[in-house]
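Here's the structure we're looking at; comments come further down.
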Amino acid sequence: MAPQPVVTGLSPKEGPPGTRVIIRGEFLGTRVQDLIGLKICGSDCLLSAEWKSPNKIIARTGPAKGKGDIIVTTLSGGVGTSTVQFRAYHETIGPLKESAVWIEESPSQNFAWGRRTLAQSGLTQEDPLGLSIEGNEQKIPEDLRDLFPEACGDLSQEHFSPAWFLLENHLATSFEDLKAGLSYLKRKVESQKEGQLSFLKSNAGSVIDQLDTLMNIRDKLQEDVKLHGNETLNILETSIENSISESQKIFTDVLVRKEKADSTRSVLFALSRHKFLFCLPNSVDRRAKAGEYDIVVNDYSRAKNLFGKTEIPIFRKVLEEVDHRILSIRKQLHEKVVKMPQSVEQQKKLIKALISLELQQSGTPIGDKLRNIDPAWDAIEARAKYLEWTFRQTFDQHTSKDSGAQEKAKNRDSSQAPNRVNFCEELCDIAASQLPDLWRLGQLYFTGELRGPHDPKPGDFKRMVLNAIEKFCVYLRLAILIATDQRALRQSSGLAWPIGSASATHQFLPWIPQCLRFTRIAYATLISLDLPSEALDIIQKLIDEVRLFCFSIIFKRATDRCKKLGSQETWELGVEEYPGATLLPAALETLLIETLDEVQSVCMQRETREGNLLEPQSDGQREVTQRLQEFLSAFSAVIEELAFHSHDEETPTHNVSQLLGFPNAQQPDSVAGSGGAAAVTWEQRMLCCLANYAYCNKIFFPRLGDIFVRYGYPLPTLAIETARYTVNQLFTNLLEEYVEHKGDPLVGTIEPSMYLGRFQWDHEMEIGQLRPYAHECCDNLVGVYSEIYSISPALLRPILESIVQTISEELARLMSCVQRFSFTGAIQAHVDIRLLRDSLEGYVNETAKNYFMEALEAINPPLSGEQKRKADEILERVKRNMRLQLLCFSVKDP
Amino acid sequence: MSKKPTAGPALHKVIMVGSGGVGKSALTLQFMYDEFVEDYEPTKADSYRKKVVLDGEEVQIDILDTAGQEDYAAIRDNYFRSGEGFLCVFSITDDESFQATQEFREQILRVKNDESIPFLLVGNKCDLNDKRKVPLSECQLRAQQWAVPYVETSAKTRENVDKVFFDLMREIRSRKTEDSKATSGRAKDRCKKRRLKC
């Protein structure tokens with residue numbers, strides 16, 4: 001341990017507080033940290049100490065007063081000592097002192113405790129001893145404060161020391177003078193005492209009064225002592241004590257009550273301050289009942305924020321209550337969310353409220369009581385279920401109505417829409433209103449607006465939507481597509497529309513386009529939703545089917561109308577391209593165009609997102625082909641029917657030869673437009689029909705193809721070809737019929753006419769003329785010719801050819817039957833045959849030619865050269881004579 | 001004079017007087033702590049006290065280092081009063097300081113009222129002999145007139161520093177022993193006599 005510090009030097013040795021002092025000495029610390037204490041005159045100055053060296057410290061003095069040691073304390077040397085002392089004084093700034101601040105210079109300020117100010121005030125003071133101190137220069141060498149540490153030389157001070165005063169002021173005064181001063185002082189005091197006496201004198205009256213009063217008091221007191229004894233004081237004391245304790249009691253009572261009141265007030269205050277919280281359970285219930293869930297959510301979150309972490313039990317309790325209420329509200333909300341029907345907005349609002357409530361409650365023990373549910377998903381599920389339920393409900397309702405109303409169906413007004421249509425409309429309405437809602441809700445859910453704490457299930461949702469749409473389609477299918485095979489559908493869905501009567505079904509058919517329209521409206525609504533294409537495809541498929549169904553229905557109707565076209569036949573020949581054809585095909589064309597227009601507008605026209613029904617190799621095309629085929633075959637049937645219309649009752653009028661003597665009435669007189677079907681002859685009708693067939697086959701049906709192409713259909717080649725084939729077939733049949741009717745009598749007349757008048761070929765006869773039978777044959781042919789020509793020249797060739805063939809065949813048969821020809825007979829036969837052959841050359845086909853050859857060869861014996869020459873001559877002549885008749889046959893292509 | 005009982009070794013009170021900047025503090029500090037202070041800082045009133053061995057006897061020396069500047073002239077009286085011996089310092093490089101010693105001498109004699117008060121005339125800064133302004137003879141002459149010893153010192157080189165303090169203490173000691181022989185009354189009488197003389 002180092003020697004203890006010693007302070008041996010001070011610079012300066014005195015000063016007011018704050019003086020900078022250089023302290024010197026020994027062992028004042030080995031380093032800065034070693035210095036741990038510095039006291040100047042008892043005040044700690046370590047804070048201002050600045051350690052310079054073990055011999056020197058610079059510090060500032062503290063607010064101490066008087067003389068005192070400087071104690072330095074070091075870690076190494078401990079508490080030190082001081083050989084020098086510092087005198088601290090408080091400087092009073094007097095009138096002669098320089099000062100940085102303004103000092104009030106009034107004399108009253110001169111109460112002072114500093115030494116120099118005392119001297120200054122002394123100048124103004126009269127010496128109490130009445131001695132002059134002038135010239136009293138002698139000063140006491142010692143510091144008086146050292147001599148009288150406890151005293152002071154100031155007269156006004158309490159610890160005034162006369163010795164100090166004398167030493168200070170009268171050091172040089174002689175003893176005699178001091179004595180004189182003493183006597184002066186005595187005199188002065190005496191005079192002040194006299195002053196007291198005179199005071200008493202002047203106030204004698206009041207003094208006596210006081211004395212009297214005092215006496216009275218004493219008398220009273222003594223009386224009291226006699227009366228009550230000496231105990232008075234004790235009684236007084238006890239009563240005072242009693243009163244003290246009593247008052248204490250009352251006071252504590254009051255205090256207790258005050259405390260109670262205070263606590264009540266504070267509770268009331270707290271209640272009113274936290275009114276919000278305390279009212280919350282009820283207000284939450286009320287709001288929830290009123291459906292203002294937003295407010296509930298807000299209030300609840302506010303309460304959670306404000307009091308969620310509170311430790312105050314009452315708040316906790318209230319909060320718990322609130323939590324319970326919220327829990328039940330959540331349950332209610334959840335029920336409401338899944339309750340249908342309601343608008344998406346409403347549902348959204350409820351879900352949002354529910355989610356936020358749930359979020360706020362999650363994590364708390366109460367909140368976890370209700371399992372974490374996904375309200376949005378539940379809502380979606382509920383919506384989907386409700387949708388399905390509505391479908392089903394509607395379906396059941398309508399089916400029951402339909403089955404129940406079946407008996408009355410007959411009485412029903414046909415203009416009233418059938419149940420199926422109503423069902424369709426309703427179902428479409430439901431789909432168009434509810435599916436978008438479902439979808440929108442789903443979107444909201446997946447975009448995260450209504451997302452709960454769980455991961456979304458897009459797959460499930462998609463399946464749900466698809467399912468709903470499929471159901472929708474199944475119901476529609478059941479209702480609309482009555483013609484199709486619904487067995488599979490029934491099996492898969494387990495549903496069936498009650499099978500109605502045929503008339504009801506029939507009644508329903510015209511409404512199908514209406515149904516299609518409903519479906520399309522719903523479809524359009526769904527398209528605008530951005531549904532996945534899978535979902536839309538389902539409906540599209542249905543719609544395409546319905547469209548096709550529509551198409552076929554319309555065409556069927558057209559076919560029905562077509563069947564009735566026959567009644568409209570006017571037998572008017574108005575077709576330019578094909579003489580002989582009537583206006584019937586034109587009517588058909590109009591009908592077809594009408595139908596196509598209708599089809600186009602109803603179902604063929606593609607609307608948004610619909611398939612092309614006319615894809616190659618598709619059902620649509622097949623349907624078109626089939627329907628067209630039906631349509632056309634119906635038309636063919638109509639013509640056929642027309643052709644054979646009154647066949648039974650009206651026989652051909654000219655089946656008897658003119659040579660046999662029947663009146664020649666078959667000559668038709670200007671057939672065209674003779675008016676009315678009744679006026680039309682059988683031949684005319686036959687020919688018209690034939691012409692129609694030919695027209696259809698050659699021109700009209702291909703043109704119908706063009707119409708189809710014009711309407712955007714692919715060329716229905718197959719249907720047209722089939723129809724043409726049918727028509728051709730019918731044409732052939734009809735032709736045969738006609739030819740039979742025309743040719744049979746003609747041919748039949750040849751034999752009787754030939755052998756008229758007992759004519760025999762082996763008899764010699766007069767030759768040079770044509771035989772009458774040939775004439776007749778020619779004439780008959782000309783008649784037929786003119787008949788055909790007047791209606792349809794194009795029919796000449798097929799008809800005449802076959803007639804000519806039969807003629808040639810008949811001739812060949814007749815000739816071969818002849819046993820023997822006479823010389824002239826052979827020539828005659830030869831001429832006859834050749835004339836017929838030559839004149840009908842234009843209508844002779846191979847078979848006919850052969851028959852003619854056969855007929856010529858049948859002439860037995862064959863002609864000699866002379867006979868041939870003769871025959872040629874006759875033929876020449878006959879031809880010349882029959883120039884006019886033969887001319888008509890020579891027209892190759894009329 | 002002092003009725004206060006002094007415990008321990010004898011205390012000799014020395015007062016340093018002289019004009020400002022002559023080296024009073026430098027001498028004091030050199031004596032006290034063997035250090036030479038180069039930078040000049042005017043003193044107000046410093047107090048130092050330490051134990052020294054004077055001729056085999058342990059004594060305490062109390063040094064009052066006073067202000068040289070005229071500003072403090074008014075408070076000098078009080079200080080002088082308590083002094084038992086004086087070192088009147090001037091700088092041999094500054095004639096004015098030498099002249100000022102006269103005034104100090106007169107003031108001391110007036111305050112102490114004693115011509116034989118222990119007193120040393122000290123010419124400081126003798127290391128700066130080349131800058132000497134006050135001739136040695138003049139100094140010695142004055143000392144002779146005052147009947148006091150004259151010593152030249154250097155606070156820088158510590159030349160004669162101890163000597164001046166010890167010489168002064170010896171004088172103080174001899175004065176004290178002289179005084180203690182005489183009775184206080186006689187002393188007072190003598191005081192009175194002396195006062196009358198001057």
Side-chain angles (χ1 to χ4, degrees), chain A residues 3 6-16 19-28 40 52-58 61 67-70 81-89 91 96-98 115-116 119 137-149 163 167-168 171-172 174, chain B residues 1-6 8-9 11 13 15-16 24-26 28-37 39 41-52 59-67 71-72 74-84 110-114 117 188 191-192 195:
Chain A
V6 183
V7 175
T8 57
L10 268 184
S11 168
K13 70 181 184 75
E14 58 186 10
T19 307
R20 181 172 174 272
V21 182
I22 300 171
I23 299 162
R24 290 175 199 270
E26 289 168 87
F27 321 117
L28 301 181
I40 302 175
K52 290 285 185 186
S53 71
N55 295 99
K56 189 175 169 186
I57 294 168
I58 299 175
T61 60
K67 247 181 169 168
D69 284 340
I70 291 92
T81 55
S82 171
T83 58
V84 289
Q85 285 185 308
F86 184 80
R87 193 173 70 80
Y89 57 86
E91 211 167 18
L96 300 175
K97 180 83 181 167
E98 270 182 45
R115 205 166 130 218
R116 267 163 298 165
E137 285 166 1
Q138 181 99 30
K139 298 278 177 183
I140 187 153
E142 292 287 324
D143 197 334
L144 285 170
R145 274 165 305 187
D146 294 341
L147 290 173
F148 306 102
L167 280 171
E168 191 175 36
L171 195 65
S174 68
Chain B
M1 268 175 87
S2 172
K3 277 163 189 146
K4 199 168 139 195
T6 26
L11 178 69
K13 296 185 175 178
I15 295 181
M16 308 292 287
K24 299 184 290 296
S25 295
T28 311
L29 291 174
Q30 186 62 268
F31 173 71
M32 285 293 291
Y33 307 110
D34 301 335
E35 77 175 76
F36 178 67
V37 188
D39 46 335
E41 196 182 336
T43 308
K44 233 175 124 188
D46 296 356
S47 172
Y48 302 96
R49 183 182 291 197
K50 78 165 180 181
K51 283 175 186 159
V52 291
V59 294
Q60 273 199 313
I61 179 166
D62 184 304
I63 304 167
L64 180 66
D65 187 10
T66 64
D71 311 356
Y72 297 95
I75 57 167
R76 274 183 208 142
D77 279 16
N78 280 332
Y79 298 143
F80 290 175
R81 222 172 267 145
S82 63
E84 292 168 337
R110 193 183 71 233
V111 170
K112 296 306 286 187
N113 203 15
D114 185 358
I117 187 88
K188 257 183 190 169
C191 281
K192 253 179 193 165
R195 191 162 55 174

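Labels below follow one simple rule: chain letters A, B, ... track the order of the sequence lines, proteins then strands, and each chain is numbered from 1.
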[X] side, atom [atom1]; [Y] side, atom [atom2] - distance, nearest 0.5 Å:
{"X": "B:Lys44", "Y": "A:Lys13", "atom1": "NZ", "atom2": "NZ", "result": "10.5 Å"}
{"X": "A:Ser53", "Y": "B:Glu35", "atom1": "OG", "atom2": "CD", "result": "6.5 Å"}
{"X": "B:Tyr33", "Y": "A:Asn55", "atom1": "OH", "atom2": "CG", "result": "7.5 Å"}

Before you tell me yes or no, could you show the steps for B:Ser47 and A:Phe86 under side-chain contact (heavy atoms from CB on, under 4.5 Å), namely the whole-Å CA-CA distance, both residues' side-chain angles and the distance that decides it to 0.1 Å? CA-CA 9 Å; B:Ser47 172; A:Phe86 184 80; over 6 Å; no
With a 4.5 Å heavy-atom cut-off, do B:Arg49 and A:Val84 have their side chains touching?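 Yes. Closest side-chain heavy atoms under 4.5 Å.
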Side-chain heavy-atom pair A:Ile22, B:Glu41 within 4.5 angstrom cut-off: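 They are in side-chain contact.
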Test item: A:Thr83 side-chain N/O and B:Lys50 main-chain N/O as donor-acceptor pair under 3.5 Å: no
For a quick test of reading the model, state the closest non-hydrogen atom pair linking A:Gly9 to B:Tyr48 and the distance between them.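 Scanning both residues completely, I find the closest heavy atoms to be CA-CD2, 3.0 Å.
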Report which part of B:Ile63 has an atom under 4.5 Å of a heavy atom belonging to chain A: side chain, backbone, both, or neither.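 Contact with chain A: none, neither part.
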